[in-house]
Structures are given as structure tokens and as C-alpha cells.
Amino acid sequence: MRWSRYYLFTSKEVPKEAEIASHKLMIRAGLIRKHSAGIYSYLPALWRSIQKFSNIVREELDRKGAVELQMPAVQPAELWKESGRWYEYGKELLRIKDRHNRDFCFGPTHEEIVTAITRADIRSYKQLPFNLYQIQVKFRDEIRPRFGLLRAREFIMKDAYSFHSTRESLDETYNDMRDAYSRILERSGFKFSVVEAATGAIGGSVSHEFVVFADHGESLVITCPKCGYAANVEKASFYIEPKKYNKVNFEIVPTPGKSRVKEVADFLGVSTDSIVKTLIYKTPEKLIAVAVAGDREVSEEKLRGVLGTQGELADDKTIEDITNAPVGFAGPVGLSEEIELLVDKSAAAIEYFVCGANKKDAHIVGATWDKVGKFKIVDIAEAKKGDKCVRCKSLLKVYRGIEVGHIFKLGTKYSEAMKCYFLDKDGKSKPVVMGCYGLGIGRSVAAAIEQHHDDKGIVWPVAIAPFECVVMPLNTDNTTVVSEAESIYSQLKEKGIDTIIDDRDERAGFKFKDSDLLGFPLKVIVGAKTIKEGKVEIELRKDGSRLEVKTSDVVSKVGEILSDHKNLSLVSVR
RNA sequence: CGGGGCGUAGCUCAGCUUGGUAGAGCGCACGGUUCGGGACCGUGAGGUCGGAGGUUCAAAUCCUCUCGCCCCGACCA
């Protein structure tokens with residue numbers, strides 16, 4: 001590619017709307033153009049990176065026997081009504097009407113469509129399993145798009161859906177996909193972690209996230225450096241350390257106006273972890289009381305797992321009705337029998353605790369669980385810094401990262417709702433067992449920049465760089481320099497090395513700054529100084545190191561360095 | 001959805017308080033000097049001041065409405 005004829009325009013200005021590195025650099029390097037909140041064009045250079053990453057994805061999925069297809073972006077409402085998600089998905093689903101006033105949506109994901117396809121074809125267990133995938137534009141009307149491609153509304157995603165006659169078969173494919181994702185990320189030069197995750201709006205039972213480490217990531221990941229346990233903070237379990245408690249006599253004490261945990265703790269002179277905090281949640285069907293230790297938060301994702309449905313905090317009026325007290329004075333002791341009580345492990349472990357008295361301006365001290373009616377002990381508190389591993393009791397670490405992939409065991413949620421059945425060996429009709437596997441393409445590429453950049457610009461991993469190599473004739477008025485550069489450029493292309501020549505009539509410094517910003521892994525510098533001796537320089541973007549080589553050796557040397565780097569990025573970093 | 005901020009040249013922004021000829025830097029075009037880490041000098045092109053309405057002799061500036069963008073928050077007792 002000739003830079004002078006390519007569509008690649010950089011800028012010195014630091015964009016005002018961008019806050020994090022990948023977003024700023026993508027704008028400065030001329031890789032994206034924003035049209036609306038969370039809606040972008042991918043300009044040619046970035047599109048090359050996206051294509052390279054997509055092709056790695058294809059190679060690794062094809063290797064596992066997955067089959068590519070393409071499904072519609074605009075989907076009829078009927079299918080979403082069948083699965084029930086037309087009513088559940090909420091405002092993130094972009095709903096549109098056609099000229100006949102019929103309802104459609106712009107697909108945020110494709111379980112409905114893929115199930116509509118397969119239910120028409122699947123008859124027998126003999127056809128199973130199979131795994132279908134596509135790389136396609138999705139739309140999710142996010143509450144607040146931000147960070148450029150990291151949280152866009154329109155984005156490119158690889159989504160795969162597998163279909164099975166048995167759970168065991170699903171397990172097999174699930175593990176295959178897990179391997180494929182790991183290979184994809186390794187080949188693309190990511191440092192990442194595979195973590196247990198909550199299933200969210202997609203549904204299903206088991207799921208894992210692929211989280212690329214980044215200081216500005218939106219996901220919090222808990223890992224155990226000793227035994228390798230890793231989970232999203234929304235899902236992570238932790239070890240509750242047994243403590244010795246001194247006996248405290250049961251007593252109802254006045255706590256006027258002290259409704260928050262911190263206030264009660266200060267007022268009574270106790271620590272927050274000896275308080276039991278009681279929250280009232282509501283689901284579409286019922287009210288639930290939830291108790292956690294005062295120094296902990298409820299993980300709504302964990303709660304969703306226990307309830308099997310999304311719960312939300314009840315409004316003030318409901319709380320007053322059920323607890324006979326204003327908000328802030330609920331407690332498990334003496335709570336109405338009408339409401340189910342879930343007690344987190346963290347709260348259940350406290351022998352003598354402080355809690356709301358279900359009475360205005362009063363708390364109980366010295367409460368014990370034998371004074372509480374029926375309750376169930378569950379794991380619904382969020383892990384936090386300083387917690388210990390549920391498996392090996394080592395100190396857990398908390399990392400920030402970007403969730404680039406998420407794989408789920410869906411089970412029969414969609415196949416039952418949408419009647420995708422097959423006839424099994426025993427002659428009985430059964431719902432197909434499904435898995436689904438998402439990987440954010442644009443997000444991954446943005447995450448790569450987030451993970452690989454310095455103060456000069458992007459430092460692309462070789463595998464997904466827009467170009468592997470840039471040839472830079474520094475003195476465009478020197479005919480030897482120009483002709484040597486052109487010759488090297490043709491030879492590199494000949495050898496299949498992805499090369500751009502910076503043939504623009506610009507000064508040397510300008511070209512250096514631009515290619516540093518763009519982050520091409522290798523520069524071949526052709527200048528008047530060295531060409532006199534029949535030499536050029538090769539510079540590595542990674543560390544700025546240079547070596548002089550004879551013009552006759554450049555091509556083989558470049559090939560050598562690039563293959564070294566490709567191999568390097570294959571080394572597992574977990 | 002709630003709160004805050006912004007919208008003026010291709011980009012980043014000043015001007016608005018106190019109404020009166022629309023500015024700077026970068027970028028762009030041309031000429032000259034320069035030429036291995038975002039050069040310098042000169043000349044020049046380029047703006048319905050987000051949009052609509054209003055007040056006024058006169059509106060980028062004041063008022064009303066509206067659209068868009070950015071940031072923070074969205075209930076944990």
C-alpha cells in the first residue's frame with residue numbers, strides 16, 4: 001500500500017471527548033470516526049486490524065468444526081415474543097417499525113434467529129451436534145456508551161451457537177470453544193484471564209468470561225494467585241473466616257435517625273462487620289428479604305442466580321408495609337413470616353449481631369440466628385479486596401480488565417420456548433441443548449490498543465497490526481533513496497509481508513511521528529546517510545531498537561524478525 | 001431518567017458577563033528557505049456562530065423552545 005494513496009490521516013490534536021488511551025489514540029491515528037454516541041465508522045487502517053483479528057477468529061473456530069453463516073441484523077418481533085425477551089430485554093433492545101407498522105428490532109444477539117433456523121431442520125439426534133457462528137454488526141442501545149469502541153452501541157461481534165442432544169456433548173463443545181478463545185487471544189498477543197461469570201440477560205447456567213487485563217477496564221476480576229481460581233466480582237465466592245465472638249445480651253436499643261450501617265456502627269460503637277444489613281427486594285412474583293454482613297454489598301448477579309429472576313430493591317412504601325418501620329430499620333429478627341428470608345454466608349457467620357428491630361428508630365444488639373424464623377443460607381455477597389480464596393484460603397487479588405468474550409451453557413431455555421426439538425435414540429422428542437459464545441471483535445481490537453501503547457502511540461501486536469512493516473524513504477528528493485525504498489517495498493510485498501510505503505512528500509520527523517502513532521511493528525528506514533554504504537535501518541516499534549542491514553539482506557531480515565514476533569505472541573501469558 | 005457542562009473555520013478553542021466590522025493556534029493552498037524524530041517566513045482560501053422563534057435600530061452575545069454531544073449519578077437502607 002502506498003500511504004500517499006491510502007485513506008489514513010492523523011492528527012496532532014488530542015480529542016476532547018476521549019478519556020482513555022485506546023479511544024484517544026484511535027482518533028488521533030485516524031482509525032475511527034464517530035457519527036453519534038456509540039456509533040462509529042471503522043476507517044481503512046483499523047478495518048485491516050479488524051479483518052486480521054476476524055480471520056484469526058475464523059481459523060480457530062473452523063479448527064473446532066464451527067460453521068460460519070450470516071443472519072439478519074433486523075429481526076421480527078414475533079420471534080422475540082416467542083422467547084419472551086421482547087418483554088424482558090428492556091430499553092437496550094432497539095425496537096423499530098416497518099412501513100406496515102410491524103414490530104422489528106435491531107439484533108443485539110441472535111438466539112432467537114438461530115433457533116428459528118435450526119428448528120426447521122433438526123429432526124434427529126443424528127444431526128447433532130453442530131455449531132454455527134457469524135461475525136456481524138449488533139446494536140445494543142446502551143444506557144451510556146463510552147470509551148470509544150470499548151462500549152459502543154453499534155459494534156461488531158462474533159457470535160456462535162451450538163446445538164446438542166446431550167449435556168455431555170454441550171460440555172465438550174463448551175470446552176472446545178474455551179480452548180479456541182484462549183488460542184485466539186494468545187495468537188493476537190493479549191494478556192488475559194478466563195474467569196467464572198454471571199449469566200446476565202442471556203440466561204443459562206454455567207458461563208465464563210475472557211477478560212483482557214487493562215487498568216481502565218470496566219470489569220473487576222477476582223483471582224487466586226495460588227490455586228488459579230478466577231471469577232468476575234459479580235460471581236466470585238470467597239472464604240468466610242471463622243471468628244470468635246463475645247457474648248452480647250439481647251437488647252433493643254434506641255437509634256434515633258440512624259438508618260445507615262455506618263451511622264449505626266458509629267452510634268453504637270461497633271464495627272460494621274458485626275451488623276446484619278437487611279434489604280427488601282422484589283421480583284415480579286414476590287418480596288424477598290436479604291441479609292448480608294454490614295460491611296458487604298449484595299451482588300445482584302448472584303441474587304439473580306439464587307432467585308432465577310432479576311430482583312430489584314423494593315420502594316420505600318413496600319418496605320414500610322412489610323417491616324412496620326421506615327427504611328433503615330429492617331432486620332431478620334421478628335420479620336414478618338410472609339416474606340422469604342435469604343441470609344448470606346457472611347451474615348450467617350456472625351454469632352451475636354446488630355440488626356434493625358423492624359421498628360422506627362430502634363436496633364437490636366446481641367441478636368442471634370436462633371431467634372430468627374425460617375431462613376435459607378445462600379451466597380449472595382460481593383467479594384472485595386482482602387477476601388480469601390474459597391478453595392485454598394489464599395489472599396485473593398482484584399484486577400481490572402475488559403471483557404472481550406463470554407461463553408454460556410444455555411441448556412434448553414430457548415429450544416423449549418421456541419420449540420426446537422429432536423427425536424432421540426429412544427424415539428422420544430426432546431428439546432435441543434444449546435450453548436452460545438460471544439466475542440467482541442471491535443472491543444478486542446480496542447482492548448489490544450489499551451494493552452499495547454506508549455506515550456508515542458499504539459504498539460500493535462504483529463498479528464493484528466494494520467500493516468506489519470512501513471518502508472520510510474526519508475529524503476524524497478534523493479533518487480537513490482527513493483528507488484531503493486521502492487525496490488525494498490516491492491520485494492517485501494512479493495514475499496507476502498504486509499507493507500505500507502510512506503511515499504508522502506513529508507520531512508523525516510513527520511514520518512517518524514506518524515508511524516510511531518500508528519504503531520506499525522517494524523520500520524525500514526531508507527535515508528541518504530546509510531544508503532551511500534548500501535545499508536538501511538530496521539527499527540522495532542516495541543522498544544525503538546535499531547539495526548543496520550545491507551539492502552540485499554533487508555527482506556530476509558524483516559521476515560525473520562516478524563516470524564520471531566509472531567511466535568512470541570503465541571507464548572501463553574496466563 | 002436525574003444532575004452538570006458544551007455546541008463559533010476541517011480540528012482544538014477564545015469572544016458572550018456589559019448587544020454594534022467574527023478571532024487565534026493547528027490543518028489546508030501558493031511562494032521561498034529548510035530537510036534523520038510533528039521546521040521557519042510570507043501570502044491566501046475557509047465560518048448559515050447547532051437549529052427555530054422572540055426582544056432590539058442592531059443578536060455569536062439577552063429570552064424561549066428544540067436538537068446533538070460530553071461528564072457524573074441511577075436507588076445497597
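Keep in mind the model is a prediction, meaning the values are calculated, not measured. Residue numbers begin at 1 in each chain, while the letters A, B, ... track the order of the sequences.
Distances were taken from every side-chain heavy atom of A:Val298 (C-beta onward) to each of B:G38, B:G36, B:C76; the shortest belongs to B:C76. Comparing B:G36, B:G38, B:C76 by their closest approach to the side chain of A:Asn475 singles out B:G36.
Summary of the strand contacts: A:Ala528 and A:Val264 both lie near RNA chain B, and taking for each the nucleotide with the nearest heavy atom, the more 5' one is attributed to A:Ala528. If A:Ala330 and A:Ile531 are placed on RNA chain B by their nearest nucleotide, the residue sitting closer to the 5' end is A:Ile531.
A donor-acceptor contact under 3.5 Å is not formed by the side chain of A:Glu13 with the base of B:G10. With hydrogens and angles ignored, a donor-acceptor pair closer than 3.5 Å exists between the side chain of A:Asp514 and the base of B:G38.
On the P atoms, B:G10 is 13 Å away from B:G51, given to the nearest whole Å. Here the separation of B:C49 from B:C13, taken at their C1' atoms, is 13 Å to the nearest Å. Taking atom C1' in both B:A29 and B:G15, one finds a spacing of 28 Å when rounded to whole Å. B:G36 and B:C11 have their C1' atoms separated by 28 Å, with the value rounded to a whole Å. Rounded to whole Å, the separation between the C1' atoms of B:U8 and B:A24 comes to 12 Å. Nucleotides B:C26 and B:G38, compared at atom C1', are 11 Å apart to the nearest Å. Atom P of B:G53 sits at a distance of 14 Å from the matching atom of B:U61, rounded to the whole Å. Look at the P atom in both B:G2 and B:A14: the space between them is 28 Å, to the nearest Å.
Here the options are A:Lys12, A:Arg504, A:Lys456, the test is salt bridge (Lys or Arg N to Asp or Glu O under 4.0 Å), and the partner is A:Asp514; only A:Arg504 passes. Each of A:Lys235, A:Glu234, A:Glu209 was checked for a side-chain contact (heavy atoms from CB on, under 4.5 Å) with A:Glu196, and the lone residue meeting it is A:Lys235. Each of A:Val471, A:Ile501, A:Val526 was scored for a side-chain contact (heavy atoms from CB on, under 4.5 Å) with A:Glu486, with one residue passing: A:Ile501. Partner of A:Glu142 under the salt bridge (Lys or Arg N to Asp or Glu O under 4.0 Å) criterion, out of A:Arg153, A:Arg151, A:Lys91: A:Arg151 alone.
Taking all atoms of both residues into account, the shortest heavy-atom contact from A:Leu8 to A:Trp3 is O-NE1, 3.3 Å. Considering every non-hydrogen atom in both A:Ala265 and A:Thr272, the closest pair reads CB-CG2, 3.9 Å. Nearest approach of A:Val233 to A:Glu382, heavy atoms of both residues: O-CG, 3.5 Å.
For the OP1/OP2 pair of B:G36 and a distance below 4.0 Å, the side-chain nitrogens and oxygens of A:Lys511 include no atom meeting the criterion.
Among the atoms of the strands shown, base atoms are found under 4.0 Å from some heavy atom of A:Thr530. Residue-level contact check: A:Glu539 touches the bases, meaning some heavy atom is under 4.0 Å from a base atom. Using a 4.0 Å heavy-atom distance criterion, A:Arg507 is classed as a base contact. As judged by a 4.0 angstrom heavy-atom cut-off over every strand, A:Val261 is placed among residues touching the sugar-phosphate backbone only. Within the 4.0 angstrom heavy-atom criterion, base atoms lie near A:Glu300. Here A:Glu537 lies in heavy-atom contact (under 4.0 Å) with a base.
The partner of B:A59 is absent, by the rule that a Watson-Crick or G-U pair needs both atom distances under 3.5 Å. Of the nucleotides present, B:G44 is the one that pairs with B:C28 by Watson-Crick or G-U wobble criteria, both distances under 3.5 Å. In this entry B:U21 has no Watson-Crick or G-U wobble partner, no candidate having both defining distances under 3.5 Å. Taking a pair to require two hydrogen-bonding distances under 3.5 Å in either a Watson-Crick or a G-U wobble arrangement, B:G73 pairs with B:C1. Nucleotide B:C49 forms no Watson-Crick or G-U wobble pair with any nucleotide shown, as no partner meets the under 3.5 Å limit on both distances.
Checked against the 6.0 Å centroid criterion, the rings of A:Phe375 and A:Trp369 qualify as a close aromatic pair. The six-membered or imidazole ring of A:His363 lies near that of A:Phe329, with a centre-to-centre distance under 6.0 Å.
One atom, CD1 of A:Ile27, and another, C1' of B:U12, lie 13 Å apart when rounded to the nearest Å. Between the P atom of B:G38 and the CE atom of A:Met472 lies a distance of 12 Å, rounded to the nearest Å. Taking atom NZ of A:Lys282 as the reference point, atom P of B:C75 lies 14 Å away to the nearest angstrom. Straight-line distance from the CG atom of A:Asp477 to the C1' atom of B:G36: 13 Å, rounded to whole Å. The separation between A:Ile280 atom CD1 and B:C75 atom C1' is 15 Å, rounded to whole Å. Spacing between atom CG of A:Asp505 and atom P of B:A39 amounts to 13 Å, rounded to whole angstrom units.
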Base, backbone or nothing for each nucleotide of nucleotides 66-72 of chain B, written B, S, -, heavy atoms under 4.0 angstrom, 5' to 3'? ---SSSB

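Between A:Asp266 and A:Arg260 there is no salt bridge, since no side-chain nitrogen of the basic residue lies less than 4.0 Å from a carboxylate oxygen of the acidic one.
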